[in-house]
Amino acid sequence: MSDVSVTVVRNILEAQEKIARSNREFFDSKGIFVINLMSSPGAGKTSLLERTIALLKDRFKIVVIEGDIQSQEDALRIKRLGIEAVQINTGGACHLDANMIQSALERVSLDGCDLLIIENVGNLVCPAEFELGEHKKVMILSVTEGDDKPLKYPLMFQKSSVLLINKIDLLPYVVCDVDKIKRITRELNPRVEIFDVSCKTGEGIDRWAEWLKDQIHNNRNQ
């Protein structure tokens, strides 16, 4: 890569980081707790949101920003729950960036919002490389993806505050060593919190929802 290319890439990243800081200042000024939800396609991000919203929507105002390459399907699923949601279609880009989030904020009503959830584009690589202004990065790994993913895609596991291991109801039918996932993830990131969940049966979702409640309260009291 030429020196000119390196300079351009660095300038782009610095500009994105500046916008991310601006987003974070905006969230903090409003008292909104924000998570950046990441996973590979099909791991269960939108299903987790549906389960989470069902448990929390009567107590907190929740808004969702949906990221996807194309289609409005995920935002429509969230809106059916009575939750305000805005879809960002990246048109081929493999991740959301801070500028996209800033633009989306102009399309939602955040007055009184307690929790903003950003569902990133399905990808185990790119989303972890970009700051959006969120308070916590959260990732989902399903047991159907295999237990080698922390070794193959370490950055996302290193940068996430929470790992949800989803589809545990399928463990009798797949070859996946959950203890191995947890051991390697904690070696990469000793501070990570891990929840075993099934978005199909609801198992473990209550513990995850309690974690979110604590984060919302802590954010308010800062």
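Residue I118 is found in a hydrophobic cluster whose other members, listed by chain and number, are F26, F27, I32, V34, V63, I65, I69, V86, I88, L96, M100, I101, L105, V108, L110, L116, V121, L132; membership requires side-chain heavy atoms under 4.5 Å apart, directly or through intermediates. When hydrophobic side chains of Ile, Leu, Val, Met, Phe, Trp and Tyr are connected at separations under 4.5 Å, Y173 ends up clustered with M38, L124, V125, M139, L141, V143, L151, Y153, M156, F157, L163, I165, I168, L170, L171, V174, V178, I181, I184, L188, V192, I194.
Rounded to the nearest 0.5 Å, atoms CG (N120) and NZ (K45) are 8.0 Å apart. Here N218 contributes atom CG and N221 contributes atom CG; the two are 7.0 Å apart, rounded to the nearest 0.5 Å. Note that NZ of K167 and OG of S142 are 4.5 Å apart. Values are rounded to the nearest 0.5 Å. Residue L212 holds its CG atom at 6.0 Å from CG of L115, rounded to the nearest 0.5 Å. Interatomic distance, OG of S160 versus CG of L37, reported as 9.5 Å (0.5 Å rounding).
For residues 205-220, the salt bridge (Lys or Arg N to Asp or Glu O under 4.0 Å) pairs, not counting sequence neighbours, are D114-R220, E210-K213. Screening residues 32-66 for ring-ring contact (aromatic ring centres under 6.0 Å, His included), with sequence neighbours left out, gives F33-H135, F60-H217. Pairs engaging residues 118-135 under the salt bridge (Lys or Arg N to Asp or Glu O under 4.0 Å) rule: E131-K137, E131-K159, E134-K137 [sequence neighbours left out]. Pairs engaging residues 46-56 under the salt bridge (Lys or Arg N to Asp or Glu O under 4.0 Å) rule: E50-R77 [sequence neighbours left out]. Within the structure, every pair that satisfies the salt bridge (Lys or Arg N to Asp or Glu O under 4.0 Å) test and touches residues 21-31, not counting sequence neighbours, is listed here: R24-D28, K30-D111. For residues 74-123, the pairs satisfying ring-ring contact (aromatic ring centres under 6.0 Å, His included) are H95-F130, with sequence neighbours left out.
Considering only heavy atoms from C-beta on, E17 stays 4.5 Å or farther from S22 through its side chain. When side chains are defined from C-beta on, W208 counts as touching V162, because their heavy atoms get closer than 4.5 Å. Side chains of I117 and I62 form a contact here, defined as non-hydrogen atoms less than 4.5 Å apart. T90 is not listed as a side-chain neighbour of D68, based on a closest heavy-atom distance of 4.5 Å or more.
More than 12 non-hydrogen atoms from other residues, nucleotides or ligands lie less than 6.0 angstrom from CD of E14.
Residues E145 and S40 have side chains that bring a donor and an acceptor to within less than 3.5 angstrom of each other.
In terms of heavy-atom proximity, E66 sits nearest to V64 at OE2-CG1, 3.6 Å. C94 and C126 get closest at one heavy-atom pair: SG-SG, 2.6 Å. The shortest heavy-atom contact between A85 and A75 is CB-O, 4.0 Å.
At distances below 3.5 Å, not a single donor-acceptor pair connects side-chain atoms of Q158 with backbone N or O atoms of N189. Looking only at distances, a side-chain donor or acceptor of E84 sits under 3.5 Å from a matching main-chain atom of S109. Side-chain atoms of N89 do not come within 3.5 Å of backbone N or O of G91 as any donor-acceptor pair. Counting only distance, with no hydrogens or angles, the side chain of D169 and the backbone of K200 share no donor-acceptor pair below 3.5 Å. In terms of modelled atom types and a separation under 3.5 Å, the side chain of R107 and the main chain of Q87 share a donor-acceptor contact.
Put simply, the residue from L164, L48, L49, I140 that forms a side-chain contact (heavy atoms from CB on, under 4.5 Å) with C199 is L48.
Checked against salt bridge (Lys or Arg N to Asp or Glu O under 4.0 Å), E193 has no partners two or more places apart in sequence or in another chain. Contacts of K136 classified as salt bridge (Lys or Arg N to Asp or Glu O under 4.0 Å), with partners at least two apart in sequence or in another chain: none. Applying the salt bridge (Lys or Arg N to Asp or Glu O under 4.0 Å) rule to K149 yields no partners; only residues at least two apart in sequence or on another chain are considered. Residues meeting the salt bridge (Lys or Arg N to Asp or Glu O under 4.0 Å) test with D147, sequence neighbours left out: K180.
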